[in-house]
Amino acid sequence: MADEIILLDFWPSMFGMKVRIALAEKGLKYEYRDEDLFNKGPLLLEMNPIHKKIPVLIHNGKPICESQIIVQYIDEVWKDKSPLLPSDPYHRAQARFWADYIDKKNWINH
């Protein structure tokens with residue numbers, strides 16, 4: 001049975017873009033569902049009842065929330081396809097540092 005992958009997202013979201021890039025790098029096919037952030041749909045509210053925000057990856061009916069966690073999940077579940085991080089621990093740490101920096105940077109005021 002093939003994996004069912006659904007991504008709840010909003011196309012200009014930089015957080016969703018990270019997830020879309022990870023899915024593309026892994027060559028995974030998924031269903032994309034654009035969410036209206038001002039009128040959140042019932043699936044988003046059901047799959048992310050705590051934060052009620054995108055992106056949410058739904059893998060075989062199970063939700064994974066928060067972009068960095070989703071990217072790590074994608075890399076772990078489909079580890080046989082194009083690793084997203086370098087194999088060298090130092091280089092992996094550097095990649096994680098920059099991913100964290102981008103996540104925490106306030107891009108709107110800079």
Side-chain angles (χ1 to χ4, degrees):
M1 180 172 107
D3 288 312
E4 179 188 46
I5 304 169
I6 300 170
L7 178 61
L8 306 180
D9 194 11
F10 180 58
W11 71 267
S13 165
M14 66 182 231
F15 300 108
M17 186 165 298
K18 287 190 331 186
V19 174
R20 293 192 305 272
I21 290 169
L23 289 164
E25 285 294 317
K26 294 286 188 174
L28 299 170
K29 296 191 184 316
Y30 62 97
E31 178 183 341
Y32 179 87
R33 295 193 190 175
D34 201 45
E35 283 290 324
D36 178 349
L37 300 183
F38 298 104
N39 186 22
K40 296 175 181 177
L43 186 59
L44 174 61
L45 298 175
E46 176 188 345
M47 293 292 143
N48 193 353
I50 305 299
H51 297 295
K52 301 174 179 74
K53 63 182 183 176
I54 52 95
V56 177
L57 183 81
I58 305 169
H59 180 215
N60 295 329
K62 298 176 185 172
I64 300 92
C65 305
E66 298 295 321
S67 62
Q68 198 62 25
I69 295 168
I70 295 170
V71 169
Q72 291 169 355
Y73 178 85
I74 290 168
D75 205 27
E76 291 171 3
V77 171
W78 293 281
K79 58 183 167 255
D80 58 325
K81 299 180 179 193
S82 306
L84 298 176
L85 291 171
S87 59
D88 177 73
Y90 176 77
H91 292 122
R92 209 169 36 247
Q94 291 299 303
R96 287 183 178 133
F97 169 84
W98 287 111
D100 182 65
Y101 175 80
I102 290 168
D103 280 350
K104 292 178 179 169
K105 180 97 172 124
N106 183 347
W107 294 101
I108 294 174
N109 295 324
H110 291 74

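The first residue in the sequence is number 1, and the count goes up from there.
To the nearest 0.5 Å, atom CG of residue Leu44 and atom SG of residue Cys65 are 8.5 Å apart.
Pairing each heavy atom of Asp75 with each of Ser82, the nearest pair is OD1-O, 4.3 Å. Residue Leu84 comes nearest to Ala22 through the heavy atom pair CD1-CB, 3.7 Å, listed as atom of the first residue, atom of the second, then distance. Here the shortest heavy-atom pairing between Gly61 and Pro63 reads O-CD, 3.8 Å.
Taking the side chain as every heavy atom from C-beta outward, Ile5 and Trp78 approach each other to under 4.5 Å. Side-chain contact between Val56 and Leu43 is absent, with no heavy-atom pair separated by less than 4.5 Å. Annotation: side chain of Lys18 is in contact with side chain of Gln68 (closest heavy-atom distance under 4.5 Å). By the 4.5 Å heavy-atom criterion applied to side chains, Tyr73 and His59 are counted as neighbours. Considering only heavy atoms from C-beta on, Val77 stays 4.5 Å or farther from Asp3 through its side chain. Using a 4.5 Å cut-off on side-chain heavy atoms (C-beta onward), Met14 and Ile102 make contact.
When atom types are taken as modelled, the side chain of Glu35 and the backbone of Lys40 share no donor-acceptor pair closer than 3.5 angstrom. Arg33 places no side-chain N or O within donor-acceptor distance of the main-chain N or O of Leu8, the cut-off being under 3.5 Å. The main-chain N or O of Leu57 is never found under 3.5 Å from a side-chain atom of Tyr30 such that the two would form a donor-acceptor pair.
Under a hydrophobic-cluster definition in which Ile, Leu, Val, Met, Phe, Trp and Tyr are linked whenever side-chain heavy atoms come within less than 4.5 Å, directly or via other members, Met47 and Leu37 are assigned to the same cluster. Phe10 and Leu45 sit in two unconnected hydrophobic clusters of ILVMFWY residues. Membership requires side-chain heavy atoms under 4.5 Å apart, directly or through other members. Hydrophobic clustering (ILVMFWY, side-chain heavy atoms < 4.5 Å, transitive): Ile58 and Ile70 are in distinct clusters. Hydrophobic clustering keeps Met17 apart from Leu7 (ILVMFWY residues linked when any side-chain heavy atoms are closer than 4.5 Å, directly or through intermediates). A single hydrophobic cluster is not seen to contain both Tyr32 and Ile21; linkage of ILVMFWY side chains at heavy-atom distances under 4.5 Å, directly or through other members, places them apart.
Glu25 CD: 12 or fewer foreign heavy atoms inside a 6.0 Å radius.
Partner of Pro55 under the side chain to side chain contact (heavy atoms under 4.5 Å, CB included) criterion, out of Ile64, Val71, Asp9, Asn48: Asp9 alone.
Residues satisfying the side chain to side chain contact (heavy atoms under 4.5 Å, CB included) test with Lys81, not counting sequence neighbours, are Lys26, Leu28. Legend: residues meeting side chain to side chain contact (heavy atoms under 4.5 Å, CB included) with Phe38, ordered by chain and number and at least two apart, are Asp36.
Ring geometry for Trp98 versus Tyr101: interplanar angle over 60°, hence perpendicular rather than tilted (30 to 60°).
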